[in-house]
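The model shown is predicted, which means the values in this text are computed figures rather than measured ones. Values below: every heavy atom of this structure, side chains too, minus hydrogens, waters and symmetry copies.
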Amino acid sequence: MVVPQEVPLGPRDFVNREVDLARMERFWASRSPGVAQLGVCTGLPGVGKTAFIRRCVQRFRDAKVFSGGDLHVEFASVDGIVPSVADALASCLFALGVAKDVMPSTVAGRANHLRSITARKPVLIVLEDVTDAAQVLPFVPNGADSAVLVTSSAQLSELLAEGAESIRLEPLDDASGAHLVVSLVGARAEAEPEAVGQLVRLCSGLPVALKVAASRLLARPSLRVRDLVAEIEGGRSGFAVGGKDKVSAVFAVAYDALDPVSARIYRLLGMFAGRDLTPDTLARLVDVRGDALNVAVETLIESGLLNEDSGNRLSLHAMVRRHARQLALSEDGAEECEAAVRRVVTYWVTTAAFADLAVLGARRYRVDPEVVTGRAKSPFLGAAAKGEALAWLDRERANLLAVQRAAADLEMHDESWRLAEALSALYVTRRYLVDWTESSDLGATSARVAGNVRAEARLRSFVSRAWTDLGDLGRAGEELDRALVLAEGTTDRRLIASVWEMLGRYRDHTDPDSAAETYQRAIALFTQESDTRGVAFTSFFLGSSHRHAGLHEQAEQILRNALEQIREVGDARMLGRCLTELGNALRATGRPEEARQTLDEAIEILHQDGQPYYEATAQESLLPLLEADEDRTRSCLRALTDIHQRLGSGRADEFRELLRRVEDSTSG
């Protein structure tokens, strides 16, 4: 498995902070046996917390301190949305190799699993822009060789009271600030020490402002430091950031030096709802492409106003972004600002719809998918389409949810619910359950405002799976009740069937006696619509429900019928699952050899299709049938151990111990 290295690289030009870096070395060297290190880096916005911690991570990597890798979570509010702890834990577990099928559904379960993994391997977890201690505690590892580093503008005294190390970064003093400017600008700055000192004070010692000022000097070789100081002192101060008019004036001076195209792009960057973006998304935001965009991006990077990370993603510092946004609203006007956001929303709705199609296939029920994709060409094509689409959805997860909220705020309600429908492909695959509920609730509300009853019913019914997995069966039932009323008020029988199917899966948890009738109703509706896929899959769930209820003979007949239909549909994953359930039914009715053959077929199909979780389920069902076959028993237990190890499941140790016992008994 690839060792995760998720924390982005720090800035190329990083000077000073040697005292703070030395303190970090002592912090790590002072770790206590049995206790994970927890460091909290605090300080003013713009003081350089992120750059400092990322530089520390680079040092740890170079020294190979954390052989298990490093994980990265950003809790920064993106257009009012703060990532949930549950979904952040899921991201970390995925990075450590835990498959979605063994992903715990609760915060406590995910935190416990993360602690179990980090107890065995040294891992560094970096949590940025934390605002509350409750965001940190679930990530604290059990292993003494692991650590958590937190950045926050708050003090997080609750963590300090629990023994966390406080690492407060102060603004640079005159000497350190001057050293930074001289390091960036060179001899020209060194020749004007008094003016450099004034510049440092105008920037309040904040590295973000000093770097912007240094970029201005580098862009104009003839500009003296004292002249830049005069510009800042005489510049506009109407764009205060946290009450720091002088710091804002530094950004204003850098902005005033931009050419018209770069200046407009800078302003509109402040309107982007997400955290960071690719050049392709930027092109849609500003409606500029080609060389003109490339030149402007280079100009903005050189000015110090725009950041580019090692993954070619572009972003504005929070203080700079606020300055750009205020400029956009005052100079471009609300209409142009709104148009920029609308362009991004439209682009991402289409891209997300294509991603959904690539991940879950074209035969899945959707509300008018052709309206979104139209004649556009999918960016996800070929054999790797599914993986690339899922990676794009995962990478843009926080931004997509922010853009969906922006769409709703602009009353682009059709776009809002369409994004929610497309994003469910990510949520159901990656188990980001909290994001799923937030997006679906927003999308259902938008669908209701837009008057699209079908979309509202679909979103409410499908999100019941997330509420069920989160353990909130009451909310799941409420969503399904509302969805059923809405769906049955339409003429879309395929939608109605889909809602009844979801209701059946819900009743498997709450009222198993009524689940069969519910599934049968869905099957009848799917049959009327000649929806072979819907009939096949719902029949599988019906057969499974019968088997769990102890009705094994009825289950066998239903599953055999479902098997033929699933073979016709051509879905290997569902075929393997259906064979597994049939094998269990055959074993329960006293036909072990037939059950064994059926389960062997299921295992082969699931293995070929790359479905390790369901392969393990079939292997485990086969295990009781192998008591007289010691070689097959050992082989089965080795396979179960290996699969659960690869899935990141805690059950790997369980099967490893069973294998040891079998080997000990046979050798004895």
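- Here the closest heavy-atom approach between residue L559 and residue C578 is recorded as O-SG, 3.5 Å.
- Between the side chains of S91 and R397, at least one donor N or O lies within less than 3.5 Å of an accepting N or O.
- Here the side chains of W436 and R465 are in contact, with some heavy-atom distance below 4.5 Å.
- Enclosure of atom NZ in K386 is not indicated, since only 12 or fewer non-hydrogen atoms of other residues, nucleotides or ligands lie within 6.0 angstrom.
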What's the verdict on side-chain hydrogen bond (donor to acceptor under 3.5 Å, both in side chains) for N561 and Q565, showing C-alpha distance, side-chain angles and the deciding distance? CA-CA 7 Å; N561 291 335; Q565 295 164 333; over 6 Å; no
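- Note on ring orientation: taking the six-membered ring where Trp is involved, the planes of W392 and F380 are tilted (angle from 30° to 60°).
- The existence of a salt bridge linking R646 and D642 is confirmed by a sub-4.0 Å separation between a basic side-chain nitrogen and an acidic carboxylate oxygen.
- Contact between S446 and S416 at its shortest, heavy atoms only, is OG-OG, 2.9 Å.
- Sorted by first and then second residue, the side chain to side chain donor-acceptor pair (under 3.5 Å) pairs with a member in residues 366-375 read D356-R366, D368-R454; sequence neighbours excluded.
- E6 approaches H72 most closely through the heavy-atom pair OE1-N, 3.0 Å.
- A side-chain N or O of R656 and one of Q645 form a donor-acceptor pair less than 3.5 Å apart.
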Side-chain donor-acceptor distances from residues 455-463 under 3.5 Å, at least two apart:
from: E456; atom 1: OE2; to: R460; atom 2: NE; distance (Å): 3.0
from: E456; atom 1: OE2; to: R460; atom 2: NH2; distance (Å): 3.3
from: R458; atom 1: NH1; to: S498; atom 2: OG; distance (Å): 2.9
from: R458; atom 1: NH2; to: Y365; atom 2: O; distance (Å): 3.4
from: R460; atom 1: NH1; to: E479; atom 2: OE1; distance (Å): 3.0
from: S461; atom 1: OG; to: A457; atom 2: O; distance (Å): 3.1
from: S461; atom 1: OG; to: R458; atom 2: O; distance (Å): 3.0

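- Residues satisfying the side-chain hydrogen bond (donor to acceptor under 3.5 Å, both in side chains) test with E568, not counting sequence neighbours, are none.
- Pairing each heavy atom of R284 with each of R343, the nearest pair is O-NE, 2.9 Å.
- Electrostatic pairing of E601 and R567 counts as a salt bridge here, judged by a charged N lying under 4.0 Å from a carboxylate O.
- The number of heavy-atom neighbours closer than 6.0 Å to OH of Y613, taken from other residues, nucleotides and ligands shown, is 12 or below.
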Set out, in order, the CA-CA distance, both residues' side-chain angles and the distance that settles salt bridge (charged side-chain N to carboxylate O under 4.0 Å, His left out) for R560 and E564, then state yes or no. CA-CA 7 Å; R560 287 192 184 279; E564 294 179 15; over 6 Å; no
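- Considering only heavy atoms from C-beta on, L282 comes within 4.5 Å of L293 through its side chain.
- With no hydrogens or angles considered, no side-chain donor-acceptor pair links Y427 and D87 at under 3.5 Å.
- The distance from the OG1 atom of T532 to the CZ atom of F537 is 10.5 Å, given to the nearest 0.5 Å.
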